[in-house]
Novice: 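I'd like to ask you about the structure that follows.
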Amino acid sequence: MTRRTDWADVAPEYHTDPASQGLADGGDQGGADQSGDGTGFRGGGGRSKGRRRRRGGFGDGQGSGHQDSGPPSSSRAEKGEPPTEDPGERARAICLRLLTGTPRTRKQLADALRKREIPEDVAEEVLTRFEEVGLINDGAFAGAWVESRHHGRGLARRALAQELRTKGVDAMLIEEAVGQLDSEQEEATARELVARKLRSTRGLDRDKRLRRLASMLARKGYSEGLALRIVRQALEEEGEDTGDLEYDGG
């Protein structure tokens, strides 16, 4: 009789991974004067004294814990905003600061402006202008996100698409971006992930090793069939008998 691994406890990583939300929270990144950017304005972006900026890869949670959601009465100097009541100037300064060193989607910037109570029509005008001059480019953002998160974290196309949806990227742009990865490249990455993790499971019984390795792939967005097939092959190469394990050939 063949036995099938219980997958009920597998929770996809891309639903719970806090690192994947790092660019969506409107976090205070610090910043510097922006000029010659084609927008016809300048935006100050000073960092508050004593604040340290953690360096990390694309999507590694930069700015977490410093959300740009404070009330308008908070110190604008510390937030890099000009000392003006003009909502257009405030909106431009906020966007420039948030874009300093970190690409963002239009939705992420729109959310940040909404939290700062920028009027919707003003926000729309500023964001459209930023798109026209190339400071906002959701297509380029999606492509860079896929490249970085696949090679840096080993995420599969399904996980990458989910992350981009949460950032407000258009469905067509998501499809184009994840299309950079084909099935062969995705499978090769999955094999590399298993190979790196395999040694740490030695000493465990076969079924526990299989569940642990396959669950790791599932959290990164790989299908159940593909994950189980790759793990089974890896265990067989180490001399494990997997003849009684059933799997889908996905």
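The chain is numbered in sequence order, starting from 1.
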Novice: For the atom pair SG (C95) and CG (L135), what is the distance rounded to the nearest 0.5 Å?
Specialist: 9.5 Å

Novice: Quick check on R212: does its CZ atom have over 12 non-hydrogen neighbours (other residues, nucleotides or ligands) under 6.0 Å away?
Specialist: no

Novice: Is L217 close to L226 at the side-chain level, that is, under 4.5 Å between some pair of heavy atoms?
Specialist: no

Novice: What's the separation between atom CD1 in I174 and atom CG in L160, rounded to the nearest 0.5 Å?
Specialist: 10.5 Å

Novice: Do other residues, nucleotides or ligands put more than 12 heavy atoms under 6.0 Å from R199 CZ?
Specialist: no

Novice: Report yes if the side chains of E124 and E120 come closer than 4.5 Å at any heavy-atom pair, otherwise no.
Specialist: no

Novice: So with a 6.0 Å cut-off around CD of E132, is the heavy-atom count from everything else above 12?
Specialist: yes

Novice: Nearest 0.5 angstrom please: I94 CD1 to R92 CZ, how far?
Specialist: 11.5 Å

Novice: Might you work through the side-chain contact (heavy atoms from CB on, under 4.5 Å) test for E186 and R158, ending with a clear yes or no?
Specialist: CA-CA 11 Å; E186 194 174 58; R158 184 173 59 175; over 6 Å; no

Novice: Taking R206 first and then E238, would you say they form a salt bridge - that is, a charged N and a carboxylate O separated by under 4.0 Å?
Specialist: no

Novice: Which heavy-atom pair separates R157 from S183 by the least distance, and what is that distance?
Specialist: NH2-OG, 3.3 Å

Novice: Say whether L228 and L204 are linked into one hydrophobic cluster, either directly or through other cluster members, by side-chain heavy-atom distances under 4.5 angstrom.
Specialist: no

Novice: Which heavy atom in G88 sits nearest to a heavy atom in V126, and how many Å separate them?
Specialist: O-CG2, 4.2 Å

Novice: Heavy atoms only: give me the nearest K167-W145 pair and the separation to one decimal.
Specialist: CE-CH2, 3.2 Å

Novice: Indicate yes or no: at least one non-hydrogen side-chain atom of L193 is less than 4.5 angstrom from one of I230.
Specialist: no

Novice: Which residues satisfy the side-chain hydrogen bond (donor to acceptor under 3.5 Å, both in side chains) test with E131, sequence neighbours excluded?
Specialist: R106

Novice: Are any side-chain N or O atoms of T102 and backbone N or O atoms of L98, one a donor and one an acceptor, separated by less than 3.5 Å?
Specialist: no

Novice: Would you mind checking if D111 and K107 are paired as a salt bridge, meaning a charged N to carboxylate O distance below 4.0 Å?
Specialist: yes

Novice: Answer whether the closest heavy-atom distance between the side chains of I136 and F141 falls below 4.5 Å.
Specialist: no

Novice: Nearest 0.5 Å, please: how far is NZ in K208 from CG in D205?
Specialist: 6.0 Å

Novice: If you measure from the Lys or Arg side-chain nitrogens to the Asp or Glu carboxylate oxygens, is any gap between E236 and R232 under 4.0 Å?
Specialist: yes

Novice: Check whether any side-chain heavy atom of T189 lies under 4.5 Å from a side-chain heavy atom of L181, and answer yes or no.
Specialist: no

Novice: With sequence neighbours left out, which residue pairs that include part of residues 168-182 fulfil the side-chain hydrogen bond (donor to acceptor under 3.5 Å, both in side chains) condition?
Specialist: none

Novice: side-chain contact (heavy atoms from CB on, under 4.5 Å) for L155 and E163? Distances and angles first, verdict last.
Specialist: CA-CA 10 Å; L155 299 187; E163 288 187 343; 3.4 Å; yes

Novice: Nearest 0.5 Å please: distance from the CG atom of L213 over to the OG atom of S200.
Specialist: 7.0 Å

Novice: Does this structure show an ion pair linking R129 with E125, if we count only N-O contacts that are shorter than 4.0 Å?
Specialist: no

Novice: Any side-chain heavy atom of L99 within less than 4.5 Å of one from L109?
Specialist: yes

Novice: Restricting to non-hydrogen atoms, name the atom on D138 and the atom on R104 that form the minimum distance, rounded to 0.1 Å.
Specialist: OD1-O, 4.4 Å

Novice: Where is the tightest heavy-atom contact between A142 and V169, given as atom of each residue plus distance?
Specialist: CB-CG1, 4.2 Å

Novice: Could you check whether any side-chain N or O of R165 sits under 3.5 Å from a backbone N or O of A171, counting only pairs where one atom can act as donor and the other as acceptor?
Specialist: no

Novice: What heavy-atom pair brings I118 and A91 nearest, and what distance separates the two atoms?
Specialist: CG2-CB, 3.9 Å

Novice: How far does OG of S215 sit from NZ of K220, to the nearest 0.5 angstrom?
Specialist: 13.0 Å

